[in-house]
Amino acid sequence: MKKIVVNPELCTGCEMCALICSFVNTGGFNPHRACLSINHFQDGVFNSPAFCQQCEDAVCVKVCPTSALEIDKEKGYVSLDTEKCIGCGECEENCPFDMITIDPDSKKAFKCQLCDGQTYCVDYCPEDALGVYEK
Amino acid sequence: MKYNAYMKKMLIINLNKNSYEIVETPLSLIEEYIGGKGFGVKLYQEYIKADTKPLSPENVVMFINGPLTGTLAPSFRSCLITRSPLTGTWLDSYFGGYFGQEIKYAGYDAVIIKGKATEPTYITINNDNINFHSAVNLKGKKVSETSEMIKSKHGRQYKIACIGPAGENLVRYALVSCEHMRQAGRGGAGAVLGSKNLKALAVRGTNLVNVNDKKGFLEAVKKAHQELNESPSIKSFKEDGTPGSIPYAQDIGMLPTKNYKYGQFEKSENLESKAQINSLWMRNLACSGCPIACGKIGRVFKGEFKGIISDTVEYETLGLIGANLGLSNINHIIKIANLCDELGLDTISTGGSIGFVFEAASKSNLDILQKKGLEFGNAETVIELVKNIASRKDELSNILAEGVKRASKHIPGSQEYSVHIKGLETPAWSPRGAPGMGLALMTADRGGCHQRAFPVSYEMGDDLWQGEQLNRLGVDKKAELVIYLQNKLAALDTLVKCDFGTYGISEESYRIMLNTATGFNLPSDYWQTLGAKIWDETRRINLQHGFERNDDYLPERFVKEPLPDGPASGHYISQSDMDQMLDDYYRLRGWDKDGRLNN
């Protein structure tokens, strides 16, 4: 499986990863609508984005009642079929990393699928703080 | 869809009734004034009358975004517009960070606040769900405590703008803190919020900011990033932040020292980036969507102030709290800057006011100045004064909380060393040795400000003006240069740009980013036209409040006292220099010889 990893020492909190993510996945800009989230720590000294872990033993896949979520070993991520998704929110409730949400517009599950290999967030990070880890 | 990138709605809050309305953003504003400062000049004239008192319920505070705020376009901010209690005229104050973007995500191009709440209040805005809450338990809290208490109660996704005790106590240069050490710093907007009993605004939103031409927009953003990467000035901001300007200002003799008496500080090395790295820097910190990350943040890790968390002490603060007060221990300056941030005081006006009183104490026998320690270089006194000013604790601090212009009226003979323009304490670019900078300060629409035009690099010969090297100490062509820069920056303040971004991003890139985001088809000479229109409007506002040619002159110190040190030693900006530059300036702007508009 593949996942996006971060070197938090380099992260400046600029949100460009979240901005491009929301743009690619929703068509507009808003970091809250990205499928990654940036933790601006309380004192402002550290920031660190969090990403979907693309778990090999994914809880979201297990709890999905319609098999909309599947582990795609070939592509290396947990895939989402929005046609099958009924927006029940089981995945959102059970993800231990809070990395899957119900999109307020489509009312369907919303998660990182590595932009089908494009990983725009990694490309747009001005500090080169992000990378793709594969195991 | 036309004019994507706008939210097309404005939120108007009336604190008199704890009510609000959501109105459509007028198309005429969008088409003729773009956003930010442009919206501001029109809305100001709609809401604020000539006799609206700055600290009365009738004054209005407007948080305004630009069309590119909240997008991926690099380095955009937001602005706050009100009538200043310090100057009594137009105030536009700009802030980076995350707060302005969040207003846009909540669905608004602007939030306009009218009236006065009957008790201390804060407002939560969650998309179109707007609620008023009692701020009684936030009274007197520092800005970080205020922010933390609101986030703990309502959720960490909220972005907060708030005032500190200084704003509550109506200090005339109280600031508005906008999330994580970014401030609408100048001119006393914090006191205006204080006068409205409004402690804080907390905003979150899930709306999307769209753009018209997605592919074209991303290409324009890519080009702007490339320009930033190739700029040597941006490299310096990235590496050192604004403290990188200390050695430059020292070399050219423009570092305000001991209430602007001198242009060089013998211990300026102690204020440089290196000194801060030794005590503080751990991290680069960016505003939303900005690849520059000029902010540097950390904890003080040794000495008596160990544990303080602070952003870089910025150049302006180093100048006004450091050199201008004769302070050279960087840990003291970090402590004082942090106190100002937390209590909600503008460091420029604070440094200007305390520098003024230090000089006054050495020259006047007035009883209130007979206090021990009122002397340059005394950090302990500065710390005490800052705390006292924020709470208006005693007679002296109460006078200083009014700013230099009003304070000087209490101290006979102090006119010659009271340094302000239109009531706004001047910034850390002492203009003797650079008459063009003098003109920029004289004509800045909000009073003594360096951000409306910064011609210094042209006067020093680092940049050519229309292919020509300007005479540093001369006045020829300074007016046309200042007007060009003022127009450019005012036009880009409609977007709302970050000043530092302009050191790398070309006018053409700004234009293409705007056109692709909004669907406008603005021509390449648009910025100068738009900028000139905005300067006419801010002039109209200044005239309406009674500001005329007489208010467009430099303080006596820069006019009558030759600069005692540095490469421009002996220089001052004479009355005739000022008159020639003003005559040129008004003529080129199409105003009459008294600086009045012809229509």
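Sequence lines set the chain letters: A, B, ... in the order given, protein chains first and strands last, and positions in each chain run from 1. Values below: every heavy atom of this structure, side chains too, minus hydrogens, waters and symmetry copies.
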Novice: Just give me the residue among S22(A), P104(A), P126(A), P31(A) that pairs up with chain B most often, heavy atom to heavy atom, under 4.5 Å.
Specialist: P31(A)
Novice: Counting only heavy atoms closer than 4.5 Å, note whether K296(B) contacts chain A via side chain, backbone, both or neither.
Specialist: neither
Novice: Check whether more than 12 heavy atoms from other residues, nucleotides or ligands sit under 6.0 Å from atom CD of E74(A), and answer yes or no.
Specialist: no
Novice: Step by step, would you call D105(A) with T206(B) a side-chain contact (heavy atoms from CB on, under 4.5 Å)?
Specialist: CA-CA 10 Å; D105(A) 287 343; T206(B) 54; over 6 Å; no
Novice: Is the backbone of C11(A) close enough, under 3.5 Å, to the side chain of R283(B) for a donor and an acceptor to pair up by distance?
Specialist: yes
Novice: To the nearest 0.5 Å, tell me how far F46(A) CZ sits from I297(B) CD1.
Specialist: 10.0 Å
Novice: What part of N207(B) gets within 4.5 angstrom of chain A, counting heavy atoms only: side chain, backbone, both, or neither?
Specialist: backbone
Novice: Sort E102(B) into side chain, backbone, both or neither according to what part of it lies under 4.5 angstrom from a heavy atom of chain A.
Specialist: side chain
Novice: Using 0.5 Å steps for rounding, measure from the CG atom of N284(B) to the CD atom of E9(A).
Specialist: 10.5 Å
Novice: Can you establish whether the number of heavy atoms outside N129(B) located under 6.0 Å from its atom CG is more than 12?
Specialist: yes
Novice: Using the side chain to side chain contact (heavy atoms under 4.5 Å, CB included) definition, which of the options V211(B), T71(B), L208(B), N210(B) pairs with F23(A)?
Specialist: V211(B)
Novice: What are the two closest non-hydrogen atoms of G70(B) and L19(A), and how far apart are they?
Specialist: O-CD2, 3.7 Å
Novice: Does atom NZ of K9(B) have more than 12 heavy-atom neighbours from other groups under 6.0 Å away?
Specialist: yes
Novice: Please indicate whether K151(B) has more than 12 foreign heavy atoms, meaning atoms of other residues, nucleotides or ligands, lying under 6.0 Å from its NZ.
Specialist: yes
Novice: Specify the closest pair of heavy atoms between E15(A) and S288(B), including all atoms of both residues, with the distance to one decimal.
Specialist: OE1-OG, 2.6 Å
Novice: Please check if atom NZ in K142(B) has more than 12 non-hydrogen atoms from other residues, nucleotides or ligands closer than 6.0 Å.
Specialist: no
Novice: Counting only heavy atoms not in K238(B), do more than 12 fall under 6.0 Å of its NZ?
Specialist: yes
Novice: Going from CG on L285(B) to SG on C14(A), what distance comes out if it is rounded to the nearest 0.5 angstrom?
Specialist: 10.0 Å
Novice: Provide the full list of ring-ring contact (aromatic ring centres under 6.0 Å, His included) pairs with a residue in residues 91-123 of chain A, sequence neighbours left out, each pair given once.
Specialist: none
